[in-house]
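In what follows, a single structure is set out as structure tokens and then discussed.
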Amino acid sequence: MQFGSRHRVVAEVLEDRRVRVSALSDICIHSPEQIFLSDFHHSLEAMAALKYAGMDDTDSEDELPPGWEERSTKDGWVYYANHDEMKTQWEHPKTGKKKRCAGDLPYGWEQETDEKGQIIYIDHINKRSTYFDPRHAFTVEDVVVKPKRYDGNTAALEILQGRDLSDKVVLITGGNAGIGFETARSFALHGAHVILACRNLTRANKAVSLIQEEWHKARVEAMMCNLASLRSVREFAESFKAMKLPLHILVCNAAVCTQPYMLTEDNLESTFQICHLGHFLLVQCLQDVLRRSAPARVVVVSSESHRFTDLLDSCGKVDLALLSPSKKDYWSMLAYNRAKLCNILFSNELHRRLSPYGVTSNALHPGNMMYTSIHRSWWLMTFLFTLARPFTKSMDRGVTHEAGEAEERKRSNRQLSKKSQTKRKNNNKGRPPQCTVR
């Protein structure tokens, strides 16, 4: 059934009813008779709204008998209140089925408690609040739901839809633009405490402002970290540790490409140091924090271009001189490809060493065609990217892999054993909330 004008009428009348119920909370109601009369009166208003909208006559098996009302607990379990007999129960009065709200709150919604102790739902997108749980439109039977499959067209916000990351700390390098910014935005809009590790604090603070303009409660901050300076990386790591924060997700995202040959202050080729060596040192410096924060995850942004190079010499042995070549042996794309190959080798070995301690590591490829600012150092590459832009992947879809890696860890931690499933079923046998005015 699609939501038409009749459904909007019902929503408006029910919302008006919720506002009046809130106003009644200012009156001290002590006797059961008063509670019953008040609940019964509001139930009549709701049924009147359905009748006015022409929705009172339905053959749906989910239709509630007269005098019944559907409500939900704070954690999303549906229960039914009988205003005639002043009782509540978990089972639907007609079908006998138990229901729960499908997933968490929709994107942009937040559950809070007002000064009177009542649960309210705030829609930050449309700037409104209501006492009606928006998840009631998507209730499902209490059955195990198969995880949704994602593909290249899935956006990051779809993967994180309804996820509460308020207890997670996420660190992202190069989070002020491109894929890094969209990654930071996606995590921050779902409650995570996000830290942008950037070399340009002006741009980083602007990125923080953009996210907080979208949601004023977003917890985002910027810190100085220049991957082209090993000294700066160490100083950042010490500053982060001084904050006494855990670290649940570390996204090694920052990179440069197609830039002219230059050496860093550490006398290393800049592409290799920024794309790989700086991240390598950062993970080593924060390794103890990751282990204390387990389960935790490192996500390394690599590229399919790693397939178009190798690190072997003519004798088939690893040639470390290829990593930081001299100017005459330097080619920007080849340096980038080698750095991305190092990313994958590093991620695999990191996972082997730290996974026994609850820290996993994954390398990802965000997409073959992503229009970011990574090509800004070479006019020819900028021109080619401009021509290809209509066919490129959007930022939010490119971030899908990074958000998916973090979500996969979360999903794996949610796998229930038989014991925990039994415990959940037993918890549902408890008594639902009493039939009182909300």
Side-chain angles (χ1 to χ4, degrees), residues 170-175 179-180 183 197-199 225-234 236-237 240 247-257 264 266-313 316-325 332-367 374 398 401-402 404-406 408-409:
V170 182
L171 173 59
I172 304 171
T173 63
I179 297 175
T183 303
C198 307
R199 65 180 178 85
C225 182
N226 184 4
L227 295 172
S229 168
L230 300 183
R231 172 186 52 80
S232 177
V233 173
R234 293 189 178 95
F236 168 82
F240 180 85
L247 180 56
H248 303 102
I249 303 172
L250 170 55
V251 182
C252 298
N253 164 79
V256 292
C257 182
T264 67
D266 303 292
N267 203 34
L268 294 167
E269 192 277 312
S270 59
T271 301
F272 168 64
Q273 180 165 334
I274 295 172
C275 291
H276 173 66
L277 194 59
H279 286 124
F280 178 90
L281 177 60
L282 179 63
V283 174
Q284 298 306 309
C285 292
L286 297 178
Q287 186 176 149
D288 56 337
V289 182
L290 288 165
R291 289 175 59 168
R292 287 198 303 268
S293 307
R297 172 158 296 201
V298 177
V299 180
V300 183
V301 181
S302 184
S303 172
E304 275 290 301
S305 64
H306 80 278
R307 300 181 185 277
F308 306 112
T309 188
D310 59 51
L311 302 176
L312 305 179
D313 57 18
K317 297 182 180 180
V318 175
D319 185 0
L320 297 180
L322 295 174
L323 300 178
S324 183
S332 59
M333 281 304 303
L334 191 57
Y336 178 79
N337 296 349
R338 287 169 177 163
K340 291 304 168 182
L341 177 57
C342 289
N343 286 162
I344 295 178
L345 297 175
F346 165 61
S347 177
N348 290 345
E349 180 62 17
L350 183 68
H351 181 81
R352 186 186 71 82
R353 295 190 183 192
L354 294 189
S355 57
Y357 302 98
V359 180
T360 59
S361 179
N362 287 271
L364 63 89
H365 169 56
I374 196 172
H401 302 280
E402 299 184 37
E405 290 297 340
E408 177 60 29
R409 174 185 57 80

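All values derive from a computational prediction rather than experimental measurement.
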State, with a plain yes or no, whether a side-chain heavy atom of [X] is found less than 4.5 Å away from one of [Y].
X    : Y    : value
N253 : T173 : yes
L354 : R291 : yes
N348 : R352 : no
L230 : Q273 : yes
H306 : C342 : no
V298 : C252 : yes
L311 : L345 : yes
L250 : L282 : yes

Distance from [X] atom [atom1] to [Y] atom [atom2], nearest 0.5 Å?
X    : Y    : atom1 : atom2 : value
C225 : L171 : SG    : CG    : 8.0 Å
S232 : R199 : OG    : CZ    : 11.0 Å
I179 : I172 : CD1   : CD1   : 11.5 Å
I344 : S303 : CD1   : OG    : 8.0 Å
H365 : N343 : NE2   : CG    : 13.0 Å

Nearest non-hydrogen partners of F272 and A339, listed with the distance: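 Nearest pair, atom of F272 first, then A339: CA-CB, 4.4 Å.
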For A237 versus C285, what's the shortest heavy-atom pair and its separation?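 Looks like CB-CB, 3.5 Å.
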Holding to salt bridge (Lys or Arg N to Asp or Glu O under 4.0 Å), I want the full list of residues that pass it with R234, two or more places apart in sequence or in another chain.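 If we apply the salt bridge (Lys or Arg N to Asp or Glu O under 4.0 Å) test to R234, skipping adjacent residues, there are no hits.
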